[in-house]
Amino acid sequence: MTVDLTEPVRKPGIIPFSVGFPGLLRDPLRAFEEIGRASNGEISRVNLGVTRPYLVTRPSHVQHVLRDHAANYPREGMMWKPLTRLVGGIAAEGPEWALNRGIFQRLLSGPNIASVFDEMVRTITEGVDLLEARINPGQPMDALAEMTRIVQRAIIRVFFGNRISLSEADHLGSAIRTATRSIGFRMLLPFVPLSVPLPGDRAFQRSVRAVDEVILPLVREARRGEVAERDIVSMLIETRDEQGRGLDDQQVRDGVVAMFTAGTETTATALTWLWVVLNAHPEVASRLYAEIDTVFGRARPDRDRLQGLRYTKMVIQELLRVYSVGWIVPRTSVAEDVIDGVRIKGGSTVLISPYLTHRLDDVWPHPEVFDPDRFSVARSKKRHRFAYMAFGAGAHHCVGNLFFTVEAQLITAILLQRFRPVIQSKNPIEPQVRLTLIPRERVEIVLEPVGPR
Ligand code: HEM
């Protein structure tokens, strides 16, 4: 890659050691926010002593890294390595990533989602029925655990056919959860070599072995049996690369785990934050309840009327602006480059963070205010395309975006047709960083039944 060095080149801003490092170990998310504020949207190097990653938050700079010069900023580095061990090629680059991405894209395409829509509605309704039967009125429940149950059920039924039983799914889900929870320090400190142990490394290794124990036998069995339609295991087994080669057991296992990991934790976490937000903003909640009531009443949701959930969609978009579940998207620069006049050295960690970009106050006025109307058509038009990055951008842009939006709207509507979730916790619920952005403590909610209408 050639860089035009005839232009005047500035040095990046520097975030001093005292701002970043001490807090990162004590309260990582707060320290990270502090670093974001100190950089004020300028490309900056964060002085962490042993290393100084670049922080890139301004939308036009993010566009440079993730789209216009993406070849110079691949997903390499210490955080991606363990993630690749968990979910395989989709978390990497190159031919294996492209092959995996193609499979996911087919599975999660608009037409495929349309064809599984009714099955999704049925499965989510069943999940909510079971929840209703299990809880006593007024009994607090763990919102994240219950959302995970409903989401897992939908993913299993829609994408795995009957290949995974619900109890296997529970087992798999909890092993994956341990893995994704123990990777937090690697995400935050992606430049620390793997030879330097970080908290969570051992738990991560153990849980990856537990995942293998569930999935590998399943893959072997599927290879011997009949190939069913539409389920991801069959699709992976049937896949051929350009030379006509198929995937081995490990690669099929990787695709399965990637689908399960990407499809459940993100969605369940986002929905848990939704209940937190609705409790904190009764005026938003009332508008949302009224819309669901007008669009569906007590009827079973159908595809045509789902388009009518405009405000619900904006609430979910604003939810992911504030609680950006995919909060960091690290890259590594290959060759030296210049972004907007600032020189970036080759071989450096470049931190892109939807969480911080969504808090730039010249891009998102009053970023601390929860305001779904930011996503009205008129207001959205005025923003830079890369201002909203909840689903990443460029070649690695989230393939599950549409599926998530449909699934989240359905779960929200089906639950709110019957209940009003009321948070029990007295203190504000703060986020903390893991692979995704999860609540720091258990979110307890009571589901209050909606009276007859
Ligand atoms: C709240 C919901 C979700 C959020 C916030 C989210 C966020 C993201 C982000 C930020 C990326 C970009 C990573 C990067 O550039 O390195 C990504 C990629 C990806 N997402 Fe999602 N995601 C969500 C839901 C889903 C769902 C439901 C699925 C699947 C059913 C999914 C599958 C994927 C896959 C396979 C990739 C990798 C794409 C690639 O590297 O080419 N995601 N997601």
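For clarity, every value in this text was computed on a predicted model and none was experimentally measured. Order of listing sets the numbers, starting from 1, for every ligand and every atom in it.
- Other residues, nucleotides and ligands contribute only 12 or fewer heavy atoms inside 6.0 Å of the NE2 atom of His171.
- Protein heavy atom in closest approach to atom 10 (C) of ligand 1: Gly392 N, 3.4 Å.
- In this structure, of Arg75, Met259, His397, Glu93, the residue bringing a heavy atom nearest to atom 13 (C) of ligand 1 is Arg75.
- The side chain to side chain contact (heavy atoms under 4.5 Å, CB included) test with Ile423 singles out one residue from Val277, Asn279, Leu278, and that residue is Asn279.
- Atom 12 (C) of ligand 1 has His396 O, 3.6 Å as its closest protein atom, hydrogens excluded (heavy atom only).
- Using a 4.0 Å cut-off to heavy atoms of Ile90, the atoms of ligand 1 that qualify are 35 (C), 37 (C), 40 (O).
- Close approach of ligand 1 to Phe404 (heavy-atom distance below 4.0 Å) involves ligand atoms 1 (C), 2 (C).
- Short contacts between ligand 1 and Thr267, defined as distances under 4.0 Å to a heavy atom of the residue, involve ligand atoms 27 (C).
- For atom 41 (O) of ligand 1, the closest non-hydrogen atom of the protein is Arg101 NH1, 2.6 Å.
- Within a 6.0 Å radius of CD in Glu368, other residues, nucleotides and ligands contribute more than 12 heavy atoms.
- In this structure, Asp373 does not pair ionically with Arg379, as no charged nitrogen and carboxylate oxygen lie closer than 4.0 Å.
- Annotation: atom 20 (N) of ligand 1 to nearest protein heavy atom, Cys398 SG, 3.2 Å.
- In this structure, Glu407 falls outside the shell of residues with a heavy atom less than 4.0 angstrom from ligand 1.
- A salt bridge is defined here as a Lys NZ or Arg NE, NH1 or NH2 lying under 4.0 Å from an Asp or Glu carboxylate O, and Asp212 with Arg85 meets this definition.
- None of His384, His358, Arg58 except one satisfies the side chain to side chain contact (heavy atoms under 4.5 Å, CB included) rule with Val363; the exception is Arg58.
- More than 12 non-hydrogen atoms from other residues, nucleotides or ligands lie less than 6.0 angstrom from CZ of Arg434.
- From the protein, the heavy atom lying nearest to atom 11 (C) of ligand 1 is Phe391 O, 4.0 Å.
- Heavy-atom contacts from other residues, nucleotides or ligands closer than 6.0 Å to CZ of Arg310 number 12 or fewer.
- Contact check on Arg305 versus Asp302 returns a salt bridge, with a Lys/Arg side-chain nitrogen under 4.0 Å from an Asp/Glu carboxylate oxygen.
- Each of Glu146, Glu407, Glu126 was checked for a salt bridge (Lys or Arg N to Asp or Glu O under 4.0 Å) with Arg153, and the lone residue meeting it is Glu126.
- In terms of protein heavy-atom proximity, atom 35 (C) of ligand 1 is nearest to Val399 CG2, 3.3 Å.
- Taking the ring axis of Phe375 as reference, the NZ or CZ atom of Arg321 does not stay both within 45° of it and closer than 6.0 Å to the ring centre.
- Proximity of Gln105 to ligand 1, defined as any heavy-atom pair under 4.0 Å, is not found for any part of the residue.
- For atom 15 (O) of ligand 1, the nearest non-hydrogen atom of the protein is Arg331 NH2, 2.8 Å.
- For ligand 1, the atoms lying closer than 4.0 Å to a non-hydrogen atom of Val329 are 14 (C), 15 (O), 16 (O).
- Heavy-atom proximity to atom 7 (C) of ligand 1, evaluated over Ala390, Ala393, Gly326, is greatest for Ala390.
- Ranking the protein heavy atoms by distance from atom 28 (C) of ligand 1 puts Gly400 CA, 3.5 Å first.
- Distances from atom 26 (C) of ligand 1 to the heavy atoms of Ala258, Ala262, Ala395 put Ala262 nearest.
- The closest approach between Trp97 and ligand 1 falls below 4.0 Å for a heavy atom of the residue.
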